Undergrad: 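I have a structure here, written as structure tokens, and I will follow up with some questions on it.
Below, each value reflects all heavy atoms present in this structure, side chains not excepted, and no hydrogens, waters or symmetry copies. Lettering follows sequence order; numbering is per chain, from 1. Quantities reported herein were computed from a predicted structural model and do not represent experimental measurements.
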2 protein chains.
Amino acid sequence: MVTPNKHLPAEERRAVTVEAVVELAAEQNPSNITTSAIAKRMGLTQGALFRHFPSKDAILQAVMEWVAERLMSRVDKAAQAATSPLSALEAVFMAHVEFVIERPGVPRMLFGELQRAEETASKRMVQTLIHRYGERLHQLIEQGIKDKELDPQLDPEAASTLFIGTIQGLVMQSLLAGDVCQIRQDAPKVFAIYRRGIIYRP
Amino acid sequence: MVTPNKHLPAEERRAVTVEAVVELAAEQNPSNITTSAIAKRMGLTQGALFRHFPSKDAILQAVMEWVAERLMSRVDKAAQAATSPLSALEAVFMAHVEFVIERPGVPRMLFGELQRAEETASKRMVQTLIHRYGERLHQLIEQGIKDKELDPQLDPEAASTLFIGTIQGLVMQSLLAGDVCQIRQDAPKVFAIYRRGIIYRP
DNA sequence: AGAAAGATAGTAATCGATTACTTACTTTAG
DNA sequence: CTAAAGTAAGTAATCGATTACTATCTTTCT
């Protein structure tokens, strides 16, 4: 839960707001999160939010900045610690999955933002985030092919799409089961199939 | 587009309503589709909708019934026409993808329904739809293992999850590109990787 | 056959509830 | 003391849903 302190400095209050939104997104449809619900979660009145953000979309934008930073930082760290492209892909996958388990609202917000018809700042931020993410995957996959670790006939574009879809499928299963932690058990099994589909076979 | 006729018989009007909702779901966030928007798309007043449906959720429920019937019917037909479990899986995949291209709003509505916090009738209908779908995949996969067509160490649960996730990944890519037809080119490439991941290798 | 009668379908106005956002006032911390 | 932070009570717009009423089609009776 979020700290119930009153009279926080502005910067801290904004951070707490982001946390509250991410929490709420794990419990309900992200596009139906109201400013009243956010304020209530923080133990604040609704109007107080607008002391720190000019609009609701600015709140969502701050959330997406937070997501982009945290997710990419963990993904990069996981990739750098690995010793080969394939093990890097696996490490990135598990890091991503672990992030999703900790913050189940995040993938739901990302997908929700992509669905919006309007071209908001938060939507554009999600687009660039996924674009950057896809480029990282691309690099790893192409390096893996060069190193004869991955199938030389592999389509990096398709492999990248499947990588992201794999996680999306796990999220969908967790929505069906109503249990996020199930992902942790299923993720290795699902990645094993993916790994088998991209690996080099002499 | 939907027929602009006035004074349709009740059953036809309900069918037209479902079509309108599916169309709208392809253009905007499904959870933000209003009854006014539906009526406007049909060339009708908003109140007229409630002559044919007791509530908005009843409309969504009708849409989900429509989706479940159409999708499962096409998937079943594709599977029965195939000559082996693996080719059936591929046929189901392509049939599903073709369905998504024709009605891009459908997968977005399914995912959106799953995200809802409330236990509505339409949400439960989506849950049973995906459950049925997963069982079909299960059957095909287990038969494929028996027939020595698929990897004997394959986890049918994980393979089923990955199958659905693969399509979900394609949908996400189409949202990013803003172009649905891209799916048709990418689908075979992505399925090729999936196929490589599950196939039997002596 | 044809007009009256009933049933069905659609309209326009409106309801209370909820939304994002604003304003005027009060409290708190440095 | 003062500026920042929070409260309380508003705003206009929009939501799903209901109302009273009109238009159109179908059935029935002579």
Undergrad: Each nucleotide in nucleotides 25-30 of chain C should get exactly one letter: B, S or -. Can you fill that in based on protein heavy atoms under 4.0 Å?
TA: --BS--
Undergrad: How many whole angstroms separate atom CG of A:Leu44 from atom P of D:dA8?
TA: 11 Å
Undergrad: Ignoring backbone atoms, establish whether A:His52 has a side-chain N or O less than 4.0 Å from OP1 or OP2 of D:dG6.
TA: yes
Undergrad: Quiz question: by atom type and distance under 3.5 Å, do the side chains of B:Ser122 and B:Asp57 form a donor-acceptor pair?
TA: yes
Undergrad: Compare all side-chain heavy atoms of B:Arg116 with those of B:Thr120 and state whether any distance is below 4.5 angstrom.
TA: yes
Undergrad: Checking side chain to side chain contact (heavy atoms under 4.5 Å, CB included) between B:Val97 and each of B:Ile183, B:Val190, B:Asp186, which is the one that passes?
TA: B:Ile183
Undergrad: Check A:Arg74 with A:Glu102, please: is the shortest side-chain N to carboxylate O separation under 4.0 Å?
TA: yes
Undergrad: Find the distance A:Leu49:CG to D:dG6:P and express it as a whole number of Å.
TA: 10 Å
Undergrad: For the pair A:Glu27 and A:Arg41, find out whether any cationic side-chain nitrogen is under 4.0 Å from an anionic carboxylate oxygen.
TA: yes
Undergrad: Between residues 112-120 of chain B and DNA chain C, which residues have a heavy-atom gap below 4.0 Å?
TA: none
Undergrad: Applying the side-chain hydrogen bond (donor to acceptor under 3.5 Å, both in side chains) criterion to B:Thr35, which one of B:Lys56, B:Gln46, B:Lys40 satisfies it?
TA: B:Gln46
Undergrad: Give a yes or no on whether a salt bridge exists between B:Glu135 and B:Arg132, defined as a side-chain N under 4.0 angstrom from a carboxylate O.
TA: no
Undergrad: Between A:Met42 (CE) and D:dA5 (C1'), how many Å, whole number?
TA: 12 Å
Undergrad: Verify the distance criterion only: is there a donor paired with an acceptor across the side chains of B:Ser84 and B:Glu149 at less than 3.5 Å?
TA: yes
Undergrad: Base, backbone or nothing for each nucleotide of nucleotides 11-18 of chain D, written B, S, -, heavy atoms under 4.0 angstrom, 5' to 3'?
TA: ----SBBB
Undergrad: List the steps, then state whether side chain to side chain donor-acceptor pair (under 3.5 Å) holds for A:Gln80 with A:Asp76.
TA: CA-CA 6 Å; A:Gln80 282 165 12; A:Asp76 282 343; 5.5 Å; no
Undergrad: Given atom CD of B:Glu11 and atom P of C:dA9, what is their separation to the nearest angstrom?
TA: 11 Å
Undergrad: Hey, can you tell me if B:Phe163 and B:Phe191 have their rings parallel, tilted or perpendicular (30° and 60° cut-offs)?
TA: perpendicular
Undergrad: Roughly how far, to the nearest 0.5 Å, is CD1 of A:Ile198 from CG of A:Leu150?
TA: 5.0 Å
